Asker: 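Below are the structure tokens for one structure; questions will follow.
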Amino acid sequence: KKMRIKNFLFVLIAVATLASCGKTTYRKTPGGMPYKVYSGSDTQRIAVGNIIKVHFTRTIKDSVDYTTTGSLPVYVPISANSTPYDLSEIWTKLKKGDSVVATQMMDTFIMRNPQHPNFLSGQFKKGDKIVISLKIIDVFASDSLAQLDEAKQKKEWESKEGEIVAKYIKDKNITAQKTASGVYVETLTPGTGNVVGTGKYVSVNYTGTTFGGFKFDSNTDSAFQHVAPLSFTTASGEMTKGFDDGVQMMRKGEQARVYVPSSLAYGAQPNPQSGIKPYENLIFDIVVLDIKDKAPPPPPAPVQAPQQMPQQ
């Protein structure tokens, strides 16, 4: 799935190093967003129809909330339309190699749209100061050229990410079996019978954590409000590929710990409410409770009683 972002209302971008150290002052977009531009040496200007390649970080109250530095860049299609108080107001004023620092106040968003989902979800709060810093890495004249570059970047990142997970396994002295896709399965308690494989209907218990130890989901912890076995058909696309691949390597009754690279989990776009950061590698503790050849048939629809004719 391509990481394409058309509206930058809440996607704020940062650069590891700004391109210029010359003096510059804040200006304001027509919508009132303060911003600074640090000009690069390139002369290629951004035009409507271009695709730009950028790296970014989101900073809230002087704390880094999200960054693409060290991971995949973002590819942004440039449209003739813009949104007030948004980076889309200035794209065509910029060039390849330029860096931008801008400031957005959450109170301004609330004033303009009190029902904005990012506010209602709790992702942003009243009084939040959101700092935007970005660097334009490249500019592509067509979507096809951008797609070629994006595919190359993704391949390089997946290789690097695989090395990171492999190093984690090695440093922790973990004995695990690697799947063809790059998932690692550490057997904690052996099961019985054949491995699950593809196309089987399984029921499992699980707990998901990040490599840093943050628990983001579980069907055995009442705090997550869904204490019940998880059932699905393997290799059917119902689950993320990494979770699915790990379960396929297990047997009935087995307890295992599955190490999943972000590219086989939620990648750049995890659910913001989950607490998982973009490109975060995950660990799942899984127990296979049952294995069936196929999913049970759905329950029959309730039979409705025939309507009685009104009495005359």
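Only heavy atoms go into these numbers, but all of them, side chains included; no hydrogens, no water, no symmetry mates. Computed from a prediction, not measured in an experiment: that's the story for all the values here.
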Asker: Considering residues, nucleotides and ligands other than Gln177, do more than 12 of their heavy atoms fall under 6.0 Å from its CD?
Answerer: no
Asker: Going by an N to O cut-off under 4.0 Å, is there a salt bridge joining Arg58 and Asp65?
Answerer: yes
Asker: Taking Ser263 as the fixed residue, which of Glu161, Lys154, Glu158 is the one that meets the side-chain hydrogen bond (donor to acceptor under 3.5 Å, both in side chains) rule?
Answerer: Glu161
Asker: Using only heavy-atom distances, determine whether the side chains of His55 and Thr69 contain a donor-acceptor pair under 3.5 Å.
Answerer: no
Asker: For residues Phe140 and Asp149, determine if any side-chain heavy atom of one lies less than 4.5 Å from a side-chain heavy atom of the other.
Answerer: yes
Asker: Decide, yes or no, whether a salt bridge links Asp98 with Lys95 under the criterion of side-chain N to carboxylate O below 4.0 Å.
Answerer: yes
Asker: Determine whether Tyr279 and Leu72 satisfy the following criterion, side-chain contact (heavy atoms from CB on, under 4.5 Å), listing intermediate values before the conclusion.
Answerer: CA-CA 8 Å; Tyr279 301 112; Leu72 287 171; 3.1 Å; yes
Asker: Side chains of Pro229 and Asn205: closer than 4.5 Å at any heavy-atom pair?
Answerer: yes
Asker: Return the minimal non-hydrogen interatomic distance between Asn50 and Arg45, and the atom names on each side.
Answerer: OD1-O, 3.9 Å
Asker: Within 45° of the ring axis of Phe284 and under 6.0 Å from its six-membered ring centre, is that where the NZ or CZ of Arg257 lies?
Answerer: no
Asker: Decide whether Asp244 and Gln248 meet the rule of one side-chain donor and one side-chain acceptor closer than 3.5 Å.
Answerer: yes
Asker: Any side-chain heavy-atom pair from Val48 and Thr92 closer than 4.5 angstrom?
Answerer: yes
Asker: Any side-chain heavy-atom pair from Lys215 and Thr207 closer than 4.5 angstrom?
Answerer: yes
Asker: Over 60° means perpendicular and under 30° means parallel, so classify the ring planes of Phe216 and Tyr266, tilted if in between.
Answerer: perpendicular
Asker: Check the pair Asp290 / Lys292 against salt bridge (charged side-chain N to carboxylate O under 4.0 Å, His left out), numbers first and verdict last.
Answerer: CA-CA 7 Å; Asp290 196 15; Lys292 290 183 169 62; 2.6 Å; yes
Asker: Could you go through Tyr26 and Tyr35, starting from their C-alpha distance and side-chain angles, then the distance that decides it, and tell me whether this counts as ring-ring contact (aromatic ring centres under 6.0 Å, His included)?
Answerer: CA-CA 5 Å; Tyr26 272 100; Tyr35 71 99; 8.2 Å; no
Asker: So for atom CG, which belongs to Asp293, do other residues, nucleotides or ligands contribute more than 12 heavy atoms lying within a distance under 6.0 Å?
Answerer: no
